[in-house]
There are 2 protein chains.
Amino acid sequence: MGTKQQITERISALLRDSKLSITDTRVKILELFMRSNGALEHSDFEKLAGKSFDRVTVYRTLQTFLEKGIIHKIPTTDTSVRYAVCKSECTEHHHHDHHVHFKCENCGATTCLDETDVPSIQLPKGYAMHNVEVVVNGVCKSCK
Amino acid sequence: MGTKQQITERISALLRDSKLSITDTRVKILELFMRSNGALEHSDFEKLAGKSFDRVTVYRTLQTFLEKGIIHKIPTTDTSVRYAVCKSECTEHHHHDHHVHFKCENCGATTCLDETDVPSIQLPKGYAMHNVEVVVNGVCKSCK
DNA sequence: TTTTTATTTGCAACATTGTTGCAAAATTAC
DNA sequence: GTAATTTTGCAACAATGTTGCAAATAAAAA
Ligand SMILES: [Mn+2]
Ligand SMILES: [Mn+2]
Ligand SMILES: [Zn+2]
Ligand SMILES: [Zn+2]
């Protein structure tokens, strides 16, 4: 994972590569993503960072990160929206998140199973497939 | 699909089977589900039915239908929650919605592909799988 | 480094969405 | 039919998300 210094450097590089200004808010939010081992939803930022930045700023920052391909969304069956950092192959115009997501029914954590590919799916005639989202519910490694 | 009379009769039977009182709201909401060819979200009921019933009643009705296994949720990457009617094999305690969902990027409709089974997935060691949700994004039959 | 320009942030105000308690209305049981 | 039970609508509130705009900050230019 690296020292705090290393993480900060990695984050700065990431923002620079995405042609984004390096601001306290952006660095702090990326830090939270990198320290967390699961996906985060909006309310997590207020819990984890207290009121160190405005609610509106968090919404706008997440939106920016999405557009730049720094994070991706994970589907849920409730009203929350979950986000996780993308692997390095993702770019602004092309996401490569062809992995499975796992939601633990015990601890609630949502994680990216980066090594687990989404299986191929045979759709009925007439449907064009652009991308496939897979979310597995169950009990995670640490809860078992 | 059947005449209005037949639909009403089918709905009454469904409610009776689930041991639910037959009320105007419940019948109307089930009618909307059966007439729609896609999943519905909360705001659809207000659009489709105007203000013929209260917002709170819709929330409570959908909650009841979920608990009784009459409808199921479909995961989304936004804050909306989408619902569709379950096939008859679903019961209060055991859902059998092992089918794929399709979200059309053109018309926005979400549909159940009842004939398309969810593929088997090989999880990393240590994870217990309870159920798998698959949502395919693309262009649907009618939009193509 | 200092100044200029462009971007980001925080606040206020508002819109939308979801929840709860409770009395009135409707449905079911008798 | 009446009584018991359940459901509904309303009001009030909580939580979540959006927008405009001025102040603060960061990047670019001098
Ligand atoms: Mn992921
Ligand atoms: Mn379905
Ligand atoms: Zn867990
Ligand atoms: Zn379509």
Side-chain angles (χ1 to χ4, degrees), chain A residues 8-9 11-32 39-68 70-71 73-83 92 108 110, chain B residues 8-9 11-32 39-68 70-71 73-83 92 108 110:
Chain A
T8 307
E9 192 37 58
I11 287 172
S12 300
L14 178 55
L15 288 171
R16 245 189 317 268
D17 289 351
S18 300
K19 302 192 195 332
L20 290 176
S21 323
I22 296 169
T23 69
D24 291 350
T25 310
R26 286 172 179 166
V27 171
K28 186 71 181 290
I29 286 183
L30 284 175
E31 264 179 40
L32 291 175
L40 297 175
E41 56 179 89
H42 186 274
S43 63
D44 289 328
F45 297 101
E46 294 173 57
K47 276 173 212 134
L48 293 172
K51 42 193 287 312
S52 62
F53 28 62
D54 194 75
R55 227 158 43 84
V56 178
T57 305
V58 176
Y59 282 116
R60 291 196 270 223
T61 302
L62 293 173
Q63 185 56 43
T64 302
F65 287 173
L66 271 180
E67 285 162 3
K68 292 292 187 178
I70 295 174
I71 59 176
K73 291 186 184 184
I74 301 168
T76 66
T77 51
D78 57 43
T79 52
S80 70
V81 184
R82 307 213 143 202
Y83 304 88
E92 178 160 6
T110 299
Chain B
T8 307
E9 189 40 56
I11 287 172
S12 300
L14 178 55
L15 289 171
R16 243 188 318 266
D17 289 350
S18 300
K19 303 193 194 333
L20 290 176
S21 322
I22 296 168
T23 69
D24 291 351
T25 310
R26 286 172 181 168
V27 171
K28 187 71 182 288
I29 286 183
L30 283 175
E31 265 179 41
L32 292 174
L40 297 174
E41 57 180 88
H42 187 273
S43 62
D44 290 329
F45 296 102
E46 294 171 58
K47 277 174 211 132
L48 292 172
K51 42 193 286 311
S52 62
F53 30 60
D54 194 76
R55 227 158 44 83
V56 178
T57 304
V58 176
Y59 282 115
R60 291 197 271 224
T61 302
L62 293 173
Q63 184 56 43
T64 302
F65 287 173
L66 271 180
E67 285 163 5
K68 292 292 186 177
I70 295 174
I71 60 177
K73 290 185 182 184
I74 301 168
T76 66
T77 49
D78 57 41
T79 52
S80 69
V81 185
R82 308 212 142 201
Y83 304 88
E92 179 160 4
T110 300

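Letters go in sequence order (proteins before strands), and every chain restarts at 1. Values below: all heavy atoms of this structure, side chains included; hydrogens, waters and symmetry mates excluded. Predicted, not measured: the structure shown is a model, and the values here were computed from it.
- Between the CG atom of B/D78 and the C1' atom of C/dT17 there is a distance of 13 Å, rounded to whole Å.
- For the pair B/I22 CD1 and C/dA29 P, the interatomic distance rounds to 10 Å; values are reported in whole Å.
- Between B/T25 and D/dT8, a side-chain N or O to OP1/OP2 separation shorter than 4.0 Å is present.
- Taking atom CG of residue B/L62 and atom P of nucleotide C/dT19, one finds them 11 Å apart after rounding to whole Å.
- Contact of B/R55 with D/dG9 (side chain to base): no donor-acceptor pair of N or O atoms is detected under 3.5 Å.
- The side chain of B/D24 approaches C/dT27 more closely than any other nucleotide in the set D/dG9, C/dT27, D/dT8.
- With a 4.5 Å cut-off on side-chain heavy atoms, A/V58 and A/H42 count as touching.
- Shown here is B/K47, whose NZ atom has more than 12 heavy atoms of other residues, nucleotides or ligands within 6.0 Å.
- Residue A/T57 has a polar side-chain atom (N or O) positioned under 4.0 Å from OP1 or OP2 of C/dG10.
- DNA chain D is contacted by both B/L20 and A/E41; B/L20 maps to the nucleotide lying nearer its 5′ end (nearest heavy atom per residue).
- The closest side-chain donor-acceptor pair between B/R26 and B/T61, if any, does not fall under 3.5 angstrom.
- For A/T79, counting side-chain heavy atoms from C-beta on, the closest listed nucleotide (C/dG18, D/dT19, D/dC10) is C/dG18.
- No donor-acceptor pair closer than 3.5 Å links the side chain of A/S18 to the backbone N or O of A/L20.
- In this structure, A/K73 does not pair ionically with A/E67, as no charged nitrogen and carboxylate oxygen lie closer than 4.0 Å.
- For the pair B/V56 and B/T23, nearest-nucleotide mapping onto DNA chain C gives the more 5' position to B/V56.
- The NZ-P distance, from A/K68 to C/dT7, rounds to 11 Å in whole Å.
- Looking at heavy-atom distances under 4.0 Å, A/S43 makes no contact with the nucleic acid at all.
- In the set D/dT16, D/dT19, C/dT28, the nucleotide with an atom closest to the side chain of A/R60 is D/dT19.
- Of the candidate nucleotides C/dT8, D/dT16, D/dC10, D/dT16 has the atom nearest to the side chain of A/Y59.
- When the P atom of D/dA23 is taken as reference, atom CG of A/D54 falls 17 Å away, rounded to whole Å.
- Taking only side-chain nitrogens and oxygens, A/S21 comes nearer than 4.0 Å to OP1 or OP2 of C/dT8.
- Note: NZ (A/K19) to C1' (C/dT8) measures 19 Å, nearest angstrom.
- Between A/Q63 atom CD and D/dT18 atom P the separation is 8 Å, expressed in whole Å.
- Across the protein-nucleic acid pair, B/L30 atom CG and D/dT7 atom C1' stand 15 Å apart, rounded to whole Å.
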